[in-house]
A.B. asks: 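Dropping the structure in here first, questions after.
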Number of protein chains: 2
Amino acid sequence: MTAGRASVKDVALRAGVSVGTVSNVLNRPDAVTERTREKVEQAMAELNFHRNASARQLRAGVSHTVGVIVMDVGNPFYTELARGIEDRLATVDHTLILCSSDDDPVREERFLKLFAEQGVRGVLVTPMSSTAPRLGDLRRLGIPSVLMDSSRNTQHPSVGVDHISGGRQAITHLLAQGHRRILYLAGPSDLQQTRHRLRGAIEAIQAAGLDAGDVLQVTNLPSLSANEGQRGLIEALDGPGPRPTAIFAMNDIVALGAMRELRVRGLSIPSDMAVVGYDDLYFAAELMTPLSSVRQPMRQLGWAAADLLLTDQPHDLFEPELIVRASSDFAR
Amino acid sequence: MTAGRASVKDVALRAGVSVGTVSNVLNRPDAVTERTREKVEQAMAELNFHRNASARQLRAGVSHTVGVIVMDVGNPFYTELARGIEDRLATVDHTLILCSSDDDPVREERFLKLFAEQGVRGVLVTPMSSTAPRLGDLRRLGIPSVLMDSSRNTQHPSVGVDHISGGRQAITHLLAQGHRRILYLAGPSDLQQTRHRLRGAIEAIQAAGLDAGDVLQVTNLPSLSANEGQRGLIEALDGPGPRPTAIFAMNDIVALGAMRELRVRGLSIPSDMAVVGYDDLYFAAELMTPLSSVRQPMRQLGWAAADLLLTDQPHDLFEPELIVRASSDFAR
DNA sequence: ACGGAATCATGAATCGATTCATGGTACGCC
DNA sequence: GGCGTACCATGAATCGATTCATGATTCCGT
């Protein structure tokens, strides 16, 4: 067994055929006699042959991998999303490269550059504000892309969840519970999710005949971690103005941090402060106070994103659903 | 702007130099006159040039990506591990392909084959029982690999955590709390982690002068999800024999499922049943009953794994640490 | 048994970046 | 001014799989 990998040439030599025939066995088995094919296949087995993906792609010009950039792989929301993507890609024998931008444009750029160099089949991104122009560069290279978790957007193919509806559902619920002063622990204001949920919140408040400025207090967090959620809440509680009676958190991780701070201060949930999260992660129901949360169809979202990319379709939009638990409802 | 990508040839043409010079600008900038370099760099910018990774790797024979297979990307333990890996790889400008085997040998094989074809620089795996021989195939192709979360093992480079110690710490603690009948919600028995923690548990029991057979009851779960944890507990509680007074769970997700079932049955934690998990995931302290858990240095583990691969070293072993919370301690 | 069609196998050309032996150029020194 | 030495740029060869025009073989009917 020689060191290093065997090439088609080695296989051809051993099987006593030409390289073209080996390639045919690999790519169009029908165009080859049964006997020849068996000889070649045996030679491949004996040499432990693996086709060289670089050479293959260089010549063929097409790749079988898709690049995926999510905001934070540590957040189960995004890994579920990735699973949905992977499921769809597996149906056409493609694979994915999963990267985490960590909300950092530099990292995002690094990965997009990597994808361009790799010549991936396509790119799926949960976009940040700086994303769009770079995607144009990719398209010019012939690499299509789909935005994920972005609402319908005529500029670019995208899948998303109707976060306006999500925000509306959450706030409508909190208003119905009697809350009139609500803290929105939001993400960066340049995130579309942040803005859409805000819009939904405002719609809900206005629909109730109230003034959004009176009811809603917004704190934009630079990143969506538990620590940031806690810090954001501290800032809001220690700041001037009346204390809110309810929190609408950008996601369950942020809600987790906020609830931690509430516990530190001895504030009880939901009597002193109600909390509604977003994403409905698998542990939401098991937290110290079971967390109300706006559920997103994570896997479907991923599947749809990959599907759009592969079938070259423009948009897909899903509907979120509020799950009410004890953190925002006395009765539970 | 032509469709498709620009090649070194295009750049050379536009800059009025040869392709060799363009390559030099890319790979040995010092071997090129400042003036020439600037011309070339400008041409690259104008053409939106990205070097073709396939061609590059085909010729150079070395890859800058590392393949990583973890058991379950949905588990934050593994994403933290991946972050550690990525951090180390970034220091040498490498990237990783992250895959989830889902405990499925078929999936694992698919990914390893992919890695072989891609000619990755190396492979990092959280091994299952079927893993080892396939890694031999890879080595024959010149692809090194490192086992992750596997204790010291003379056969193969590996990083790991001393799970014997982890099991010992957990059980020693439970025994000290007075428990004499402990349910070990274990993983598949062919996982080294499963066996080592069992061994540690037995050591702890014997060190206390007790009989392991009397004290320990083991349920092997086929997979490590919350649902499986719940099902495993149901099975154990509904089975014959005395009811345990404490649970040692294979990881925090399993513990989550078990605690869910305890709640369904109205059993209180820790008075009716104490629980100790493993991994100390970020939400462990925020659960309905804060969960005691054996903490692992996830990032360091990942960093070390990548480091061993890059520097060609054999082993690295870390020490876990039990974090005691209310789920196993009245006093908290 | 022979011509012609159909079926297979062949191998040179190709993809794009890298390498390295070779050829030029510029500069310093006597 | 001529020669030698660094210093740079050159471009053909190379990596391995694929493609396709071409050549070889088989097989059929008559």
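Each chain gets a letter, A, B and so on, in the order its sequence line appears, and its residues count up from 1.
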A.B. asks: Below 4.0 angstrom, N of the basic side chain to O of the carboxylate: do B:R37 and B:E34 qualify?
C.D. replies: yes
A.B. asks: Looking at A:T21, does any N or O in its side chain come under 4.0 Å of the phosphate oxygens OP1/OP2 on C:dA9?
C.D. replies: no
A.B. asks: Give the dot-bracket string for DNA chain C, reading 5' to 3', where a pair is Watson-Crick or G-U wobble with both distances under 3.5 Å, ( ) marks pairs inside the strand, [ ] marks pairs crossing earlier ones, | marks a partner on another strand, and . marks unpaired.
C.D. replies: ||||||||||||||||||||||||||||||
A.B. asks: In whole angstroms, how far is the P atom of C:dG16 from the CZ atom of B:F49?
C.D. replies: 10 Å
A.B. asks: In this structure, how many angstroms lie between the P atom of C:dG16 and the CG atom of B:L47, rounded?
C.D. replies: 13 Å
A.B. asks: Does the side chain of A:T131 pick up a donor-acceptor pair with the side chain of A:E108 at under 3.5 Å?
C.D. replies: yes
A.B. asks: For DNA chain D, determine which residues of residues 51-61 of chain A have any heavy atom closer than 4.0 angstrom to one of its atoms, and list them numerically.
C.D. replies: A:R51, A:N52, A:A55, A:R56, A:L58, A:R59
A.B. asks: Give A:V17 one of three labels, base, sugar-phosphate or nothing, depending on what nucleic acid heavy atoms sit under 4.0 Å from its own.
C.D. replies: sugar-phosphate
A.B. asks: Any side-chain N or O of A:T36 under 4.0 Å from OP1/OP2 of C:dA9?
C.D. replies: yes
A.B. asks: Looking only at heavy atoms, what is the nearest atom pair of B:L96 and B:L89, with distance?
C.D. replies: CB-CD1, 3.7 Å
A.B. asks: Consider side-chain contact (heavy atoms from CB on, under 4.5 Å). Of A:R56, A:E41, A:M44, which one does A:L26 pass it with?
C.D. replies: A:M44
A.B. asks: Quick check: closest heavy atoms across B:G74 and B:D72, and the distance to 0.1 Å?
C.D. replies: N-OD1, 2.8 Å
A.B. asks: What is the distance, rounded to the nearest whole Å, between atom CD of B:Q118 and atom P of D:dG16?
C.D. replies: 16 Å
A.B. asks: Reckon A:T33 has a side-chain N or O less than 4.0 Å from the OP1 or OP2 of C:dA9?
C.D. replies: yes
A.B. asks: To the nearest Å, how far apart are A:H64 NE2 and D:dA17 P?
C.D. replies: 15 Å
A.B. asks: Quick one: A:R5 CZ to D:dC15 C1', roughly how many Å, whole number?
C.D. replies: 12 Å
A.B. asks: Pairing donors with acceptors under 3.5 angstrom, does anything connect the side chains of A:H163 and A:D149?
C.D. replies: yes
A.B. asks: Taking any heavy-atom pair under 4.0 Å as a contact, classify A:V32: base, sugar-phosphate, or nothing.
C.D. replies: sugar-phosphate
A.B. asks: Before accepting this row, confirm whether a basic side-chain N of the pair A:R51/B:E117 lies closer than 4.0 Å to the acidic partner's carboxylate O.
C.D. replies: no
A.B. asks: Distance check needed: D:dA9 P versus B:R35 CZ, whole Å only.
C.D. replies: 10 Å
A.B. asks: Looking only at side-chain atoms of B:S18, point me to the closest of C:dT10, D:dC8, D:dT10.
C.D. replies: D:dT10
A.B. asks: Roughly, in whole Å, what's the span from NE2 in A:H50 to P in D:dA17?
C.D. replies: 12 Å
A.B. asks: Work out which heavy atom in A:V8 is nearest to a heavy atom in A:F49; give both atom names and the distance.
C.D. replies: N-CE1, 3.6 Å
A.B. asks: When all nucleic acid strands are considered with a 4.0 Å heavy-atom cut-off, which category describes A:V8: base, sugar-phosphate, or nothing?
C.D. replies: base
A.B. asks: So that I can tick it off, tell me whether B:D93 and A:R110 are bridged by a salt bridge, with the cut-off set at under 4.0 angstrom between side-chain N and carboxylate O.
C.D. replies: no
A.B. asks: With a 4.0 Å cut-off on N to O distance, would you call B:K113 and B:D137 a salt bridge?
C.D. replies: no
A.B. asks: Below 3.5 Å between N/O atoms, which protein atoms pair up with nucleotides 20-27 of chain D? Just atom names and distances, please.
C.D. replies:
none

A.B. asks: Could you check how far CG of A:N27 sits from P of C:dA9, rounded to whole Å?
C.D. replies: 15 Å
A.B. asks: Between A:E46 and A:Q42, is there a side-chain donor-acceptor contact under 3.5 Å, judged purely by atom types and distance?
C.D. replies: yes
A.B. asks: Check whether any side-chain N or O of B:S23 sits under 4.0 Å from OP1 or OP2 of C:dT18, and answer yes or no.
C.D. replies: yes
A.B. asks: Examine the side chains of A:S145 and A:H156 and answer whether a donor and an acceptor come within less than 3.5 Å of each other.
C.D. replies: yes
